[in-house]
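Shown next, in structure tokens, is the structure this report addresses.
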Amino acid sequence: MSLRSKLLATVVLPAFSASFMMQPVLASAQETPVILAQDNSDQSSDDELLRQQQAEEQARQAAEQQRAAEEEARRQAEEQQRAAQEEARRAAEEQQRAAQQEAERQAAEQQRAAEEEARRQAEEQQRAAQEEARRATEEQQRAAQQEAERQAAQQQKAAEEEAARQAEEQKQQAAEQAQREAAEQQKAIDAAAEKQAKDAAEQSKPEETPAPQPEPATPEEVPAAPAEQKPAPQPEVQPEPQTQPEQPPVQTPAPEVEPQDNETAPVKQPEQETPQPQPQPEPQPQPEPKAEIIDERTTEQKQDVAKNPASTDETIVLPVENGAAILDSDKDADNSGGNQSREERRKQREQQRIADENKAPPPVTDAAAQVEIPDAVKATLPAKIEANLKEEGTRIKEAPVFVVPDTTNIINNNNTVINNTVINNVTNVTNVTNVTNVKVVEQIDNRIILETGDRFFVRGDDRPRLRRDAERTYYDQLPHGRTRETIVRPGGYEIVTIYDRYGDIVQRSRIDRNGNEYLMIYVPDYDDTPRAAIFDVGYDLPPMRLTIPVRDYIIDVATDPERDFYNFLSLPPVEPVERIYSIDEVRHSARLRDKVRRIDLDTIHFATGSAEVSLSQAKTLRKVAVAMQKVLAKDPGETFFIEGHTDAVGSDKSNLVLSDRRAESVASLLTEVYDIPAENLVTQGYGERFLKIKTQTAEQENRRVTIRRVTPLVRPVARK
């Protein structure tokens, strides 16, 4: 039954029936006095009056009854109306609840269907990604195996050639030595025979006083061949003085060493049993043996120092077991001088602290950090930068091959390497040893291993990484041995880099398709002195005093994943910048890199001997990559320096190459996965030189990659 039918049956009809039934009663009451008046017209007025009153009373009662009936009917009608409304409300609510439940059921079914579809798609994508990863891994393994086989074949061939060469040299040296020994013995025999003949002649003339004659050399008096000289950059191994042997000596001659003038002259033996030492070349000064590092501070004390490094002049170390020095320049000093170097640096820091008491606090902006750069230098920059971009050159077809410098000098300050021509133009340079050759030890793909004295360096070529996905690349040869490289990228923007003859970056700029230029790297010509490829300008800077908490200087991503990486990367250097440096000066100076903060990407765990980054570990770089994107959105000319490191297991050369590959792997990942432009990233491997944990065993913490923002070191910040 509908709502309208229920309302008609329960309210309207009962009310209408009640009113219809009351009408005859009222009519009867009104007619009664009239009928009585007609029938009893002859009665007295009193009776009439009484009857009239009775009739009126009856009419009043009837009216009251009618009103009561009407009131009751109205009340019943209202109650029935209210009941109908309540019934209608309940019915509407039930219908609404039913509709809502139906809608919820349909929505739940749709959601379940959507979740099922999403799960199915995710599983398909995961399977596809796993399949792709498996194929990529297999391809990488095959490529690595082929590369290993190729390198092994090359190494075996080189070893065989080297062995054949050494065998031939030894054969020749043995033959030459035998000839020399035979000649020396013959000369000694001839001299002895001549002496005996002279003695016999003198004995036949007893009346004459014999003139003193120098005694000829006998086999016992033949001077010893000089000991083989060690290379100059290794003065710690000195030749021992040679004594006269009782028999003619048998020694291997030193190759490429001219004999001393007194080597062929006979030396008269003293009459005592101890033979006289043969004069030797003046030995090189030997470095003092480094004292063992002794750090008696407890872990709690180290943690307190890490919170307030300005409270001490001591070397600040990582507050963990076997933690190495925080600053890379301190690690270099510890490696070369041990505890003695720590004590010397503590004294220097103490003097520096006293001298710096009235100086300004650490810089608060990049511009404030560069306040010491002369205004005259800044004023000339725009014209020089523009001139480099527009300078006429000669187009060449292929990428140039950079030159390796022939010689370099070693300075006894953390084994710093600087160029000979620079030393002649720098004041207050002390402890200069001697010139040594820069030797190319090995070339592996786009990397070369250089040896300078007792230290190895790796030099990589970033150009293949920068040219990846480029539309085209061309080169112009400029005056003074410089080369200009122009990389045209999709979207119409260009990357213009000017290299010097050693491959050092003189200038790098990004030019968008509207012609807007963003300077990324630029080093002014402070003088006309040619720069060396391996050059540490930090040797004349005082030891760094870290005055901010270590937590504000280094971020370990694994232990502090919720940090504001964008704000951290935007912070200025922790001390003033004396001038604008080249990117290669930053590469080769731990002291310069100490000026800027760093992020340790310790969420990437490299396997021993591997530079591969898994997809799961690549995801841990997301927050750091997003921060880098925000920095570049504000200034596309920013430069980030990515350093690769290894543990102490393996040779120096292999670790250098491995660490450089690790830095390149992370740079490529940031570009390919997170769209960080390749030109904003500079890489360098340091091998085992800067250990985080002091141990010679395998250590995961030492197999790491770090990131620094070096923009305020390598360009004027006022220029964009």
Side-chain angles (χ1 to χ4, degrees), residues 365-367 370 378-393 395-396 399 461-478 482-500 504-524 565-566 569-570 580 582-583 586 624-642 664 667-683 707-720:
T365 64
D366 288 350
Q370 291 188 351
K378 295 180 181 179
T380 61
L381 293 180
K384 290 184 177 181
I385 293 169
E386 189 68 19
N388 285 336
L389 294 176
K390 295 184 177 180
E391 186 175 7
E392 292 293 334
R395 185 64 51 86
I396 55 179
D461 190 352
D462 286 345
R463 290 177 295 175
R465 179 171 60 84
L466 268 62
R467 292 194 299 260
R468 189 179 304 163
D469 298 331
E471 292 183 347
R472 62 191 180 98
T473 303
Y474 57 90
Y475 295 89
D476 294 312
Q477 191 68 49
L478 303 178
R482 296 170 301 143
T483 304
R484 183 172 58 215
E485 176 190 61
T486 303
I487 299 175
V488 182
R489 293 200 178 280
Y493 75 93
E494 299 178 348
I495 305 301
V496 182
T497 306
I498 299 175
Y499 299 94
D500 66 9
D504 300 345
I505 300 175
V506 177
Q507 177 177 329
R508 174 171 289 165
S509 299
R510 180 207 302 266
I511 303 175
D512 64 20
R513 59 183 177 182
N514 296 322
N516 300 316
E517 182 228 340
Y518 299 92
L519 182 66
M520 307 174 73
I521 297 173
Y522 180 76
V523 54
F565 296 108
Y566 168 70
L569 286 174
S570 302
I580 302 170
S582 73
I583 193 66
V586 174
V624 177
V626 170
M628 296 171 69
Q629 290 172 346
K630 292 175 65 177
V631 171
L632 292 174
K634 185 177 180 181
D635 181 1
E638 297 277 2
T639 297
F640 299 97
F641 193 76
I642 302 179
E664 185 179 25
S668 299
L669 185 149
L670 289 171
T671 298
E672 296 171 4
V673 178
Y674 296 106
D675 296 326
I676 305 298
E679 59 270 14
N680 294 100
L681 307 175
V682 177
T683 63
I707 295 180
R708 305 177 195 255
R709 185 180 71 93
V710 297
T711 306
L713 301 181
V714 299
R715 73 158 198 199
V717 295
R719 170 83 177 181
K720 292 186 179 179

Reported [atom1]-to-[atom2] distance for the pair [X] and [Y], which is rounded to 0.5 angstrom:
X    : Y    : atom1 : atom2 : answer
T639 : N680 : OG1   : CG    : 6.0 Å
I487 : Y493 : CD1   : OH    : 9.5 Å
L670 : E672 : CG    : CD    : 10.0 Å
T483 : D476 : OG1   : CG    : 9.0 Å

Original post:
Do Y475 and E485 have side-chain N/O donor and acceptor atoms under 3.5 Å apart?
Top reply: yes

Original post:
Does any donor atom in the side chain of E494 or T486 lie under 3.5 Å from an acceptor atom in the other side chain?
Top reply: no

Subject >> Side-chain (R715) to main-chain (L519) donor-acceptor, under 3.5 angstrom >> reply: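 Yes: the side chain of R715 pairs with the backbone of L519.
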
Subject >> CG (D469) with more than 12 external heavy atoms under 6.0 Å >> reply: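 For D469, atom CG is not crowded (no more than 12 foreign heavy atoms under 6.0 Å).
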
Subject >> R395 atom CZ, over 12 foreign heavy atoms within 6.0 Å >> reply: yes

Subject >> Those residues that, when tested against Q477, pass side-chain hydrogen bond (donor to acceptor under 3.5 Å, both in side chains) (two or more places apart) >> reply: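 Residues passing side-chain hydrogen bond (donor to acceptor under 3.5 Å, both in side chains) with Q477: none at all.
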
Original post:
Stepwise, does the side chain to side chain contact (heavy atoms under 4.5 Å, CB included) test hold for K384 with Y522?
Top reply: CA-CA 10 Å; K384 290 184 177 181; Y522 180 76; 3.5 Å; yes

Original post:
Thinking salt bridges, do R709 and D366 make one under a 4.0 Å N-O criterion?
Top reply: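 Yes, R709 and D366 are salt-bridged.
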
Original post:
With E679, which residues qualify under salt bridge (charged side-chain N to carboxylate O under 4.0 Å, His left out), at least two apart?
Top reply: R489, R510

